Amino acid sequence: MNDYQMMVDAYKKAGGEDIFSDSNTAHMVLEQDNVLGKHEVEGLKMDAEKNDKNTVDLKLQVKEGYKIKNPVHMCFGVLPKEGLQKIVMNVFLGEDAEIEVMSDCVFPNAVQVRHQMEADIHLSKNSNYRYIENHFHGKTGGVTVVAKANIEMEEYSELYTLFTLRKGRVGKIEFDYEAELDKNAKVEMLTRISGYADDLIKIKEIAHLNGQNARGILDSKIAIKDEARADVYNELTASAPDAKGHVDCTEIIKDNAVAKAIPVVEVKHPEAKVTHEAAIGSIDSDQLQTLMARGLDEEEASDLIIQGLLKG
Amino acid sequence: MDEILKIEELNLVLDKESILCNISLNIKKGEVFAVIGPNGCGKSSLAYSLMGLKGYKQKSGAIYYKDEEISNLTVTERARKGMTLAWQEPARFEGVTVKEFLSIGAQSRGNNIKQKDLEWALKEVAIIPQKYLSRNVDETLSGGERKRIELASILLMKPDLVILDEPDSGVDVVALNNIGNIIKDFKEENIGVLLITHSDEMLKLADKAALICGGEVFNVGDPKEVSEYFKYECMPCEDHNPVEHQEVLLNE
């Protein structure tokens, strides 16, 4: 089996759809620094260039006025037990452009793998970008993911991001996302992660609602057990009239896991409003006992509750 | 009718306070046994203790289910043997669909659930399947809706004994009627029902009733008589001692 097929298989096992033979659906498959497969559609340009060893410059552009009909599938990963994959990503959406990207990152055999992403994202006026990212890190905990994104959003642009890691180990994850929003722009960043053993999760998400009527939601849901640790830092600032936002962080812990939530809200205009909620605790006993009274054991009931929470 | 549940001299103590005192009751297969009494008298605690919920293990006494002493069984083990409980205030489950929730009890009892079974169970509780199956069992559903969905899940579970903790509270008149029909269904299916209620309508469905006061069984017998006794003869007990209270009433 060649690397392309192995990546596609790992992608499917992680829950990815079988779209690679569909000519109407754009995709890119990237194993370490090798582009194994690529397909573009009209209005979308994807350039991947090997810049340095283990480093790929990836440019994704959607031309002005183009609305890409089917979600674009991106499959990133490292197949060997050890390796580094560094992606320098540049995303540009022209005015009135629209795209949804389904990105799956798979490291099925990882013992010591580092996946690093540095992204600059620019959303032009009235553009819409949806980025759904699903990770599968295997069961050894040998993956380190470091992701940094600088996001600029022009007026009326919209960004929705959803990061999920619901199965297997996390290893180490470190996110650092920061978005600047112009008037009437809207950002929604959702993170759903489940970790165990000595997994380490560090989330830092910041959005600045600089323009009038800008909107922001930062929503993190984390479930950890054993010796895992999660630190979530969500910051939302509002400095223009009618700018509104909400920060929500829910963390469920079991065993010796440790969770920390730091919601920071800053309002610099009297007509702006930002709210926040943070809750850390164990699984709700009423939920647990309801499911146990239907015959699930405690572990099965906990899993169902956690998976439900992470879906929400 | 054969006995499905036998409670002998059950005593429950929570935070050093006696909650249930020498409770002895029997419930037969296909019997609807109502438990009534004032707020805080221990009705829900009895339900939780019978189901084996955490923190509600009895201090002394025995619980026999199908002739087996179950005091040391977990909630899960009791449920898998065919006992279940519907809560007064059903829990919310973020991200769990009605479809998933309905299937849980049935699957744990080894019942294979098909789409038509799900639709049948929801229709039994007057819920339109197409509108609800993909919704989440969370705060977007009202307490009454969650209550009916919980009952639908129990219908699919096909238990042998159901403990219903105030199924009538917080539901509208139509739903109340449906819940009544479900209790009749349970009876027809030879399922024993322990029905905790404040409703006269629900009480009409019962074959037998017990009045609990201050954690003790005060009176057991015909539901109408027990209810009337509770309504017209009972008074707030200062010392929560039903035996003394009964003596006072008898002397009067």
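As a basis for the values below, the full set of heavy atoms in this structure was taken, side chains included, without hydrogen atoms, waters or symmetry mates. Below, chains carry the letters A, B, ... as their sequence lines are ordered, and counting in each starts from 1. Bear in mind the structure is a predicted one, so any value in this text is a computation, not a measurement.
- B/Arg80 has a carboxylate O that lies under 4.0 Å from a charged side-chain N of A/Glu300, or vice versa, which qualifies the two as a salt bridge.
- A distance of 10.5 Å separates CG in B/Leu53 from CG in A/Leu288, rounded to the nearest 0.5 Å.
- With a 4.5 angstrom heavy-atom cutoff, B/Arg109 does not touch chain A via any of its atoms.
- Proximity to chain B (any heavy atom under 4.5 Å) is shown, for A/Leu304, by both the backbone and the side chain.
- In this structure, the separation between CG on A/Asp286 and CD on B/Glu89 is 9.0 Å, given to the nearest 0.5 Å.
- The closest donor-acceptor contact from the side chain of A/Arg294 to the backbone of B/Leu85 lies under 3.5 Å.
- With chain A as partner, the option from B/Gly105, B/Pro159, B/Gly52 having the largest number of non-hydrogen pairs under 4.5 angstrom is B/Gly105.
- Atom CD of B/Glu68 has more than 12 neighbouring heavy atoms from other residues, nucleotides or ligands inside a 6.0 Å radius.
- The CD atom of B/Glu77 sits 10.0 Å away from atom CG of A/Asp297, with the distance rounded to the nearest 0.5 Å.
- Only the side chain of B/Glu100 comes within contact range of chain A, with at least one heavy atom under 4.5 Å from a heavy atom of that chain.
- When each of B/Trp87, B/Tyr48, B/Phe101 is checked for heavy-atom pairs under 4.5 Å with chain A, B/Trp87 comes out on top.
- When side chains are defined from C-beta on, B/Glu150 counts as touching A/Thr290, because their heavy atoms get closer than 4.5 Å.
- Heavy-atom distances place both the backbone and the side chain of B/Lys54 under 4.5 Å from chain A.
- When every heavy atom of A/Gly295 is checked against every heavy atom of B/Ala79, the shortest pair comes out as N-CB, 3.4 Å.
- Under a cut-off of 6.0 angstrom, the local environment of NZ in B/Lys99 is sparse, with at most 12 non-hydrogen atoms contributed by other residues, nucleotides or ligands.
- Going from atom CE of B/Met51 over to atom CD of A/Gln289 covers 9.5 Å, rounded to the nearest 0.5 Å.
- Taking CD1 of B/Ile104 as the start and CG of A/Leu291 as the end, the distance is 5.0 Å to the nearest 0.5 Å.
- Under a cut-off of 6.0 angstrom, the local environment of NZ in A/Lys273 is sparse, with at most 12 non-hydrogen atoms contributed by other residues, nucleotides or ligands.
- In A/Lys67, the NZ atom is crowded: over 12 heavy atoms of neighbouring residues, nucleotides or ligands sit closer than 6.0 Å.
- Heavy-atom contacts from other residues, nucleotides or ligands closer than 6.0 Å to NZ of A/Lys254 number more than 12.
- Open room surrounds CD on A/Glu298; 12 or fewer heavy atoms of other groups in view lie less than 6.0 Å from it.
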